[in-house]
Amino acid sequence: MPDTLPLSRGMELIDRLSVDHELELGEYEGLVASFCPELASYAAGRACEARRSVYGDDVFIRGLIEIGSYCRNDCLYCGLRRSNRGAERYRLSREEILACCEEGYRLGFRTFVLQGGEDAAFTDEVVCDIVASIKEAHPDCAVTLSLGERSRESYRALFDAGADRYLLRHETADRAHYAQLHPAGLSWERRMACLRELSDIGYQVGCGFMVGSPHQTSATLARDLKLVEGFRPAMCGIGPFIPHHATPFAHEPAGSAELTCYLLSLLRLIDPGLLLPATTALGTLDARGHERGMLAGANVVMPNLSPITVRRKYELYDNKACAGSEAAEGLAELSRRMEAIGYHVVVDRGDVRRRATE
Ligand code: SAH
């Protein structure tokens, strides 16, 4: 554990990050280890300026459709892990998914995110057909997939079918930490290779990590920040770890909303154009999570657009929020809450904005 920095030194590093958009690994570690309310609020102020320079006060929304809860994997943190025999499993049909998009379009969504466990039933043929059908019905919308690790050929086929974006959280940029969160069959190298493949194919790629996952340290978080600095994803999804009762991490403490917000600010300073969601996990841990996320530098919210009957079954962690402003039908509430803090939910695909030189 590095020594915490004097507040003035922390602020100096944050100023430098705002201008250079990069720091040494050890400097990131110092900033993470020195997290305190004063430094967080300083970073948040800087982060909001950076976000405003690229995205103004717009909040992008994405309709999140949780297409299935079957999963072949056994990630130690996740309630959908295959060893969780108590989990209720479901799989949406093509027609159900298209109906969600129909409803979402009516509500003002112009991006649909199809997320699910790694389920062999979602073959390339099945998913390509779904993606092509969504693009045909809504050519002005973006389709994002978040279906875990697949082969390069599969990623290519889904891209050719019309998928625009892919979310695959790297979970942790530290190889040893990755091994503490996943079973032996899953490797950090493979995860990283997937992210590179997705980006080579041409997807707008989202990576991301949990905050407060078991065995996480300031040093592993510093590596997460350094990874985002180097990899330059279009999006980075972060949210606090929240324990699920039927996993090996059932009794681990949850991550903190405050540290999550501080990291959102640092990520915004690393890349002012980064798409940064105020995630469901943040909204679950803190009733004002969406507001707090925005005020720390986030600019995206992904309300739940899954059929209400299955929402409870996509249980990544205990008490996962899926109502109110967390739900697509609660969009008016989300808009109101954003307006109250000076932000505006917009009807827009919400593509990443890059500086002209990139
Ligand atoms: N199977 C897909 C989607 C996974 S769910 C994939 O592998 O990408 C989306 C994200 O939820 C995961 O990447 C993980 O970071 C997060 N998540 C899973 N369990 C969690 C928990 N207990 N607390 C907080 N976030 C969790």
Side-chain angles (χ1 to χ4, degrees), residues 62 64-84 87 89 91 113-122 127 144-150 154-155 158 163 165-173 177-178 181-183 185-188 190-192 194-195 197-198 203 205-216 220-221 224 233 235-257 259-260 263 277-286 289 302 304 306 311 313-322:
R62 281 89 160 87
L64 179 65
I65 307 171
E66 296 156 336
I67 66 170
S69 66
Y70 287 90
C71 191
R72 69 165 77 97
N73 281 337
D74 219 19
C75 304
L76 276 70
Y77 45 84
C78 184
L80 302 187
R81 68 200 306 267
R82 71 154 185 266
S83 301
N84 180 9
R89 308 287 173 170
R91 184 180 293 131
V113 181
L114 275 46
Q115 187 178 80
E118 293 190 19
D119 175 0
F122 283 115
V127 185
T144 304
L145 298 177
S146 179
L147 303 173
E149 297 181 11
R150 303 174 74 99
S154 170
Y155 288 148
L158 300 171
R165 312 188 184 126
Y166 205 101
L167 302 183
L168 184 72
R169 288 189 176 181
H170 62 282
E171 311 297 357
T172 171
H177 185 212
Y178 195 90
L181 300 178
H182 298 96
L186 292 176
S187 90
W188 182 82
R190 177 70 198 130
R191 199 77 172 177
M192 291 298 138
C194 285
L195 285 167
E197 286 166 12
L198 288 163
Y203 285 96
V205 179
C207 65
F209 54 92
M210 289 175 286
V211 177
S213 60
H215 310 292
Q216 187 174 65
T220 65
L221 281 169
D224 291 317
M235 174 179 273
C236 182
I238 71 167
F241 160 76
I242 302 175
H244 183 285
H245 62 275
T247 64
F249 293 156
H251 303 294
E252 297 288 339
S256 110
L259 182 59
T260 303
L263 290 162
T279 52
T280 304
L282 182 59
T284 298
L285 213 57
D286 184 329
M302 301 187 178
N304 195 316
S306 309
R311 278 189 203 169
K313 301 182 192 166
Y314 197 80
E315 194 185 46
L316 302 171
Y317 43 82
D318 290 340
N319 306 313
K320 183 167 149 278
C322 58

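First listed ligand is number 1; within each ligand, the first listed atom is number 1.
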Asker: Under 3.5 Å, N or O to N or O, is Ile242 touching ligand 1 that way?
Answerer: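 Yes - when backbone and side-chain N and O of Ile242 are compared with those of ligand 1, one distance drops under 3.5 Å.
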Asker: Is there a donor-acceptor pair closer than 3.5 Å between any side-chain N or O of His182 and the backbone N or O of Tyr77?
Answerer: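 Such a contact is absent between His182 side chain and Tyr77 backbone.
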Asker: What part of His244, side chain, backbone, both or neither, has a heavy atom within less than 4.0 angstrom of ligand 1?
Answerer: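 None of His244 does.
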Asker: Is the distance between the ring centroids of Phe209 and His170 under 6.0 Å?
Answerer: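 Yes, they do, as the ring centres are separated by less than 6.0 Å.
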Asker: For the pair Glu197 and Arg190, find out whether any cationic side-chain nitrogen is under 4.0 Å from an anionic carboxylate oxygen.
Answerer: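 Judged by the 4.0 Å cut-off on N to carboxylate O distance, Glu197 and Arg190 do form a salt bridge.
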Asker: Which protein non-hydrogen atom lies closest to atom 6 (C) of ligand 1, naming both residue and atom, and how far is it?
Answerer: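 Answer for atom 6 (C) of ligand 1: Gly148 CA, 3.6 Å.
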Asker: To check you understand the geometry: which heavy-atom pair defines the closest contact between Thr247 and His244, and what is its length?
Answerer: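 It is OG1-O, 2.8 Å.
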Asker: List the closest protein heavy-atom neighbour of atom 9 (C) of ligand 1: residue, atom name, distance to the nearest 0.1 Å.
Answerer: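 Minimum-distance protein heavy atom for atom 9 (C) of ligand 1 reads Gln115 NE2, 3.5 Å.
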Asker: With a cut-off of 4.0 Å, which atoms of ligand 1 are near a heavy atom of Cys78?
Answerer: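 Listed by number with element, the hits are 19 (N).
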Asker: Starting from atom 25 (N) of ligand 1, find the nearest protein heavy-atom neighbour and note its residue, name and distance.
Answerer: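 For atom 25 (N) of ligand 1, the nearest protein heavy atom comes out as Met210 SD, 3.5 Å.
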Asker: Salt bridge (charged side-chain N to carboxylate O under 4.0 Å, His left out) with Glu118: which of Arg82, Arg72, Arg81?
Answerer: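 The passing option is Arg72.
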Asker: In terms of residue, atom name and distance, what is the protein heavy atom nearest to atom 11 (O) of ligand 1?
Answerer: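 Ranked first by proximity to atom 11 (O) of ligand 1 is Leu316 CD1, 3.6 Å.
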Asker: Is it the case that ligand 1 has an N or O less than 3.5 angstrom from some N or O of Glu118?
Answerer: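 Between Glu118 and ligand 1 (N or O atoms, distance only) the closest approach is not under 3.5 Å.
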Asker: With side chain to side chain donor-acceptor pair (under 3.5 Å) as the test, pick out the partner of Tyr314 among Glu66, Lys320, Gln115.
Answerer: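 Exactly one pass, corresponding to Gln115.
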Asker: Please check if the distance between the ring centroids of Tyr155 and Tyr166 is under 6.0 Å.
Answerer: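 Judged by ring-centre distance (under 6.0 Å), Tyr155 and Tyr166 do meet the cut-off.
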Asker: To the nearest 0.1 Å, how far is atom 16 (C) of ligand 1 from its closest protein heavy atom, and which atom is that?
Answerer: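 Of the protein heavy atoms, Arg169 NH1, 3.7 Å lies nearest.
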Asker: I need the nearest protein heavy-atom contact for atom 4 (C) of ligand 1: residue, atom name and distance, please.
Answerer: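 Result: Tyr314 OH, 4.5 Å.
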Asker: Quick one: which ligand 1 atoms are inside 4.0 Å of a heavy atom on Phe241?
Answerer: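 Those of ligand 1 that fall under 4.0 Å from Phe241 are 22 (N), 23 (N), 24 (C).
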Asker: What's the shortest heavy-atom distance between Gly289 and Ala278, and which atoms?
Answerer: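 Taking Gly289 first and Ala278 second, the nearest heavy atoms are O-CB, 4.3 Å.
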Asker: Could you check whether any side-chain heavy atom of Leu221 comes within less than 4.5 Å of a side-chain heavy atom of His177, counting everything from C-beta outward?
Answerer: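 They are not in side-chain contact.
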Asker: Near Leu168, which atoms of ligand 1 are under 4.0 Å from a heavy atom of that residue?
Answerer: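 So the answer, numbered in order with elements, is 8 (O).
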Asker: Look at atom 3 (C) of ligand 1 and say which protein heavy atom is nearest, naming residue and atom and giving the distance to 0.1 Å.
Answerer: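 Heavy-atom neighbour on the protein nearest atom 3 (C) of ligand 1: Gly116 O, 3.7 Å.
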Asker: I need the nearest protein heavy-atom contact for atom 24 (C) of ligand 1: residue, atom name and distance, please.
Answerer: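 Going atom by atom, the protein heavy atom closest to atom 24 (C) of ligand 1 ends up being Pro240 O, 3.3 Å.
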Asker: Could you check if a side-chain atom of Arg191 sits within less than 4.5 angstrom of a side-chain atom of Leu186, using non-hydrogen atoms only?
Answerer: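 When only atoms from C-beta onward are counted, Leu186 and Arg191 do not touch, as no gap falls below 4.5 Å.
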Asker: With the threshold set at under 4.0 angstrom, would you say Arg191 reaches ligand 1 through any of its heavy atoms?
Answerer: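 Contact present.
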Asker: Indicate, as side chain, backbone, both or neither, the part of Glu171 found under 4.0 angstrom from ligand 1 when only non-hydrogen atoms are considered.
Answerer: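 Just the side chain.
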